[in-house]
Amino acid sequence: MTQVIVALDVDTILKEEELLKSLKGTITHFKVGLKLFTAHGKRAVDLVHQSGGKVFLDLKFLDIPQTVADAVREAQRLGVDAVSVHLWGGTEMIKAATQVQPRPRIWGVTVLTSMVGKDVKVLHPHATLATLVKNLAKMGWVNGIDGTICSGQEVADLRKSLSHLDMRFVVPGIRPAGGAAHDQRRTMTPGEAAKLGIDYIVVGRPITMAPNPLKAAHDILREMQAAAPSSLEAT
Ligand code: C5P
């Protein structure tokens, strides 16, 4: 079943409230990321909870192990459902994060969906983007993460090459066919994601910047339903 997480990448509490109000009953998972959390902190998280939604706190933790473990502990106190960590932080950092108990679900970022091969070459001249994603995903899973964040384009290969791991996927960079890509590069349509049975898709601007966000959300859900009638969980 594929669930939609709407990325609340807005700058005011008023805009957040409007989105939550218009999407209530259609979407239950919301992402609070760097923009909204930096501007409004706990209040932005509490608003989602008050409207009955679940929060994915996407602050992409990347720091020394103790600092990341402490941040995961604080996220638990905020009551969020999930947080993200950059798998680039390495084995010790991931272990420190996943060993926190109780804790939110931890989703590991492999390579940002705004990056392409040449970006990776600058950092790792001898690794391809695909190899890097695979190695990071594997390291995350053996150290206890609950979901891999990657491009939809990588899911089939990861499932095949790491078939011994029961991976779940969280996929941003979702763009309805013909929609603007913005800064995303490794994109996939909602229909393709539903067909692949991706667990969560993260959708921001195609919904939040639409003239009618509720209609945009319904269009995406309809596209998913048409592509994979049995694999959609609407909320
Ligand atoms: O507006 P758009 O649909 O591109 O939003 C995608 C969201 O997913 C953004 O909030 C971005 O921070 C997040 N994200 C991403 N790529 C990743 C991880 C998270 O685009 N690898």
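Order of appearance sets the numbers: ligands from 1, and atoms from 1 within every ligand.
Inter-residue side-chain proximity for Leu57 and Val45 is flagged as met; some heavy-atom pair is nearer than 4.5 Å.
When non-hydrogen atoms are compared, ligand 1 lies under 4.0 Å from the side chain of Asp58 (C-beta onward) but not from its backbone. Contact annotation for Lys60 and ligand 1: only side-chain heavy atoms (C-beta onward) come within less than 4.0 Å of the ligand. At a heavy-atom distance under 4.0 Å, only side-chain atoms of Pro206, from C-beta outward, approach ligand 1.
Open room surrounds CZ on Arg43; 12 or fewer heavy atoms of other groups in view lie less than 6.0 Å from it.
For Lys31, the heavy-atom gap to ligand 1 drops under 4.0 angstrom.
Taking the six-membered ring where the residue is Trp, Trp107 and Phe56 present perpendicular rings, their angle passing 60° and hence far from 30°.
Atoms of ligand 1 found under 4.0 Å from any heavy atom of Val202 (numbered from 1 in listed order, with element): 7 (C), 8 (O). Numbered from 1 in the order shown, with element, the atoms of ligand 1 that lie under 4.0 Å from a heavy atom of Asp9 read 9 (C), 10 (O). Which parts of ligand 1 touch Arg175 is read off a 4.0 Å heavy-atom cut-off, strictly below it: atoms 1 (O), 2 (P), 3 (O), 4 (O). Those atoms of ligand 1 that come under 4.0 Å of a heavy atom in Leu112, given as number and element, are 17 (C), 21 (N).
Of the charged side-chain nitrogens involved, at least one lies within less than 4.0 Å of a carboxylate oxygen, so that Arg168 and Asp166 count as a salt-bridged pair. Salt-bridge annotation for Lys95 and Glu92: present, with a side-chain N of the basic residue lying under 4.0 Å from a carboxylate O of the acidic one. Of the charged side-chain nitrogens involved, at least one lies within less than 4.0 Å of a carboxylate oxygen, so that Arg186 and Glu154 count as a salt-bridged pair. Looking at Arg77 and Glu74, a side-chain N of the basic residue comes within less than 4.0 Å of a carboxylate O on the acidic one, giving a salt bridge.
For a threshold of 3.5 Å applied to N or O pairs, the pair formed by Arg205 and ligand 1 contains at least one separation below that value. Annotation: Gly204 places an N or O atom under 3.5 Å from an N or O atom of ligand 1; distance criterion only.
At the top of the distance list for atom 16 (N) of ligand 1, counting protein heavy atoms only, stands Thr113 OG1, 2.8 Å. The single protein non-hydrogen atom nearest to atom 20 (O) of ligand 1 is Gln184 NE2, 2.8 Å, given as residue, atom name and distance.
Side-chain contact annotation: Ser84 with Asp58, donor-acceptor N/O pair under 3.5 Å present. Looking only at atom types and distance, the side chain of Gln66 has a donor-acceptor partner in the side chain of Asp70 under 3.5 Å away.
Remark: among candidates Gly173, Gly179, Pro172, Cys150, the nearest residue to atom 14 (N) of ligand 1 is Pro172, based on non-hydrogen atoms.
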